[in-house]
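Have a look at the structure below before the remarks.
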Amino acid sequence: MKIDGTPYRSVWVDEQDGWAVRILDQTKLPWSVDILRLTNLTEAAHAIRSMQVRGAPLIGAVAAYGLALALRADASNEAMERDAQLLNETRPTAVNLRWALDRMLARLRRVSAHERVAAAYHEAALIADEDVAQCESIGTHGAVLIAEIAAHKPGRRVNILTHCNAGWLATVDWGTALAPVYKAFEQKIDLHVWVDETRPRNQGAFLTAFELGKHGVPHTVIADNAGGHLMQHGEVDIVIVGTDRVTRSGDVANKIGTYLKALAASDNNVPFWVGCPSSTIDWNVADGVREIPIEERSGSEVATITGRALDGTLATVRVVPSGSHTANPAFDVTPARLVTGLITERGICAATEAGLLSLFPERRAA
Ligand code: MRU
């Protein structure tokens with residue numbers, strides 16, 4: 001996708017030296033577009049932990065490149081296993097992190113230490129390129145859903161509600177929830193996106209609004225609490241969100257607040273779809289509420305908010321009385337019964353084990 005006419009991916013290898021890893025610093029968006037250069041394991045792990053990069057598919061891709069950077073320093077078996085473990089512990093909820101690192105290790109355990117660095121860059125590039133292709137395919141399948149809605153309301157725009165940021169910034173390119181939006185927009189379907197601000201870190205207001213705006217997609221940022229009201233008044237035709245982990249039975253972990261949107265959508269007969277690349281399906285887990293680890297982040301994210309002050313400077317202000325306690329669970333789980341369906345790179349399916357297995361029959365014995 002483009003920023004001011006320049007095409008970007010959210011992670012890439014430095015064209016000058018051919019080995020450092022470049023990322024957009026997402027803690028600085030939308031205020032400035034800063035490109036960071038990661039050169040070692042510590043910097044890669046910090047980028048994921050501090051959310052300079054975030055979004056389930058993207059942290060998987062950056063972890064893969066992070067392991068390649070780590071191997072440049074020490075390509076022994078012991079170091080490789082230790083460094084992969086360190087990267088795996090940077091964030092707990094998105095399964096893409098473990099998926100990418102398991103895939104890297106499976107490949108790299110088969111090659112000798114002196115071939116490992118080249119093999120690691122090769123595998124990380126495959127992971128990144130496949131993510132782009134999968135997300136584009138999610139876009140193609142999801143755009144059909146938007147086109148169907150458009151066909152039933154000629155002359156009126158399709159209103160899509162999304163939560164958090166599951167656009168190209170959260171993946172290597174295209175996005176998951178937003179890929180169908182970009183594809184439908186390309187097809188000239190008249191559409192508009194309601195963007196949940198997504199407190200406490202405001203990924204909706206900061207990142208989704210930024211990327212939709214840079215692409216020219218009509219959108220409106222709303223307070224997190226506005227979605228139910230808009231649905232009651234017929235202002236939402238479809239909800240599309242991303243996900244950090246989908247269980248084999250179709251439960252969906254995503255940014256905190258997603259579950260409330262699914263409840264409101266169910267009460268108002270608004271279809272609730274989830275953009276889900278296969279790298280986000282955890283075939284080992286069935287009960288999302290009980291089995292998916294939920295990241296607990298610092299209460300300071302709830303107690304403070306950062307924005308641009310009227311004098312143009314960035315300011316972080318406290319919005320909670322000092323002395324009040326804060327809690328900050330970063331994800332929640334939407335039970336499969338509230339999910340209309342999953343949009344994967346292989347097509348759409350019901351959020352059930354049978355639905356998933358119909359698209360991924362090779363997982364039947366898993
Ligand atoms: O904490 P974040 O910003 O990494 O959370 C991101 C989300 O919850 C996204 O919706 C999810 O990763 C889907 S990414 C395409």
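We count ligands from 1, going down the list as the structure has it; atoms in each ligand are counted the same way. Residue numbers count from 1 along this sequence. All values derive from a computational prediction rather than experimental measurement.
- With hydrogens left out, the protein atom closest to atom 10 (O) of ligand 1 is N254 OD1, 2.7 Å, a heavy atom.
- Close contacts of ligand 1 with F331, meaning ligand atoms under 4.0 Å from a residue heavy atom, involve 1 (O), 5 (O), 8 (O).
- Between W31 and F206, the ring center distance clears the sub-6.0 Å criterion.
- Under the 4.0 Å criterion applied to side-chain N and carboxylate O atoms, D14 and R22 are assigned as salt-bridge partners.
- When heavy-atom distances to ligand 1 are checked against a 4.0 Å cut-off, H163 has no atom that comes that close, whether in backbone or side chain.
- Taking 4.0 Å as the cut-off between side-chain N and carboxylate O, D190 and K153 do not count as a salt-bridged pair.
- Those atoms of ligand 1 that come under 4.0 Å of a heavy atom in R91, given as number and element, are 1 (O), 2 (P), 4 (O).
- Short contacts between ligand 1 and K255, defined as distances under 4.0 Å to a heavy atom of the residue, involve ligand atoms 1 (O), 2 (P), 5 (O), 8 (O).
- Tracing side-chain contacts under 4.5 Å through hydrophobic residues (I, L, V, M, F, W, Y), one reaches L101 starting from V11; they form part of the same cluster.
- Of all atoms in ligand 1, numbered sequentially from 1 with element shown, those under 4.0 Å from a heavy atom of Q203 are 1 (O), 2 (P), 3 (O).
- Ligand 1 places these atoms under 4.0 Å from at least one heavy atom of T171: 15 (C).
- A salt bridge does not link E43 with R37: none of the charged nitrogens is closer than 4.0 Å to a carboxylate oxygen.
- A distance-only check finds no donor-acceptor pair linking the side chain of N268 to the backbone of V270 [under 3.5 Å].
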How far apart are the C-alpha atoms of I222 and D196, what are their side-chain angles, what is the distance that settles it, and do they pass the side chain to side chain contact (heavy atoms under 4.5 Å, CB included) test? CA-CA 5 Å; I222 52 173; D196 283 349; 3.4 Å; yes

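- A salt bridge links R98 with D282; the closest basic N to acidic carboxylate O contact falls under 4.0 Å.
- Taking all heavy atoms of G275, A170, P277, C276 into account, the minimum distance to atom 14 (S) of ligand 1 is reached by A170.
- Nearest to atom 8 (O) of ligand 1 by heavy atom, out of D131, D244, D332, V252, is D244.
- For ligand 1 and G55, the ligand atoms under 4.0 Å from any heavy atom of the residue are 4 (O), 12 (O).
- Annotation: P57 places no N or O atom under 3.5 Å from an N or O atom of ligand 1; distance criterion only.
- Counting heavy atoms closer than 4.0 Å to ligand 1, residue N165 contributes backbone atoms (N, CA, C, O) but none from C-beta onward.
- Within ligand 1, counting atoms from 1 as listed, the ones closer than 4.0 Å to a heavy atom of M51 are 1 (O), 2 (P), 3 (O).
- Of the inter-residue distances, the one linking D83 atom CG with E78 atom CD reads 11.0 Å to the nearest 0.5 angstrom.
- Under 4.0 Å from ligand 1, not a single heavy atom of L58 appears.
- Between Y121 and Y65, the ring planes lie tilted relative to each other; the angle falls in the 30° to 60° range.
- Distances between N or O atoms of A56 and those of ligand 1 include at least one value under 3.5 Å.
- The shortest contact between atom 6 (C) of ligand 1 and any protein heavy atom is with R54 NH2, 3.5 Å.
- When heavy-atom distances to ligand 1 are checked against a 4.0 Å cut-off, C164 comes that close only through its side chain, counted from C-beta outward.
- Those atoms of ligand 1 that come under 4.0 Å of a heavy atom in T176, given as number and element, are 15 (C).
- The pair R116-E123 does not meet the salt-bridge criterion, since no charged nitrogen lies less than 4.0 angstrom from a carboxylate oxygen.
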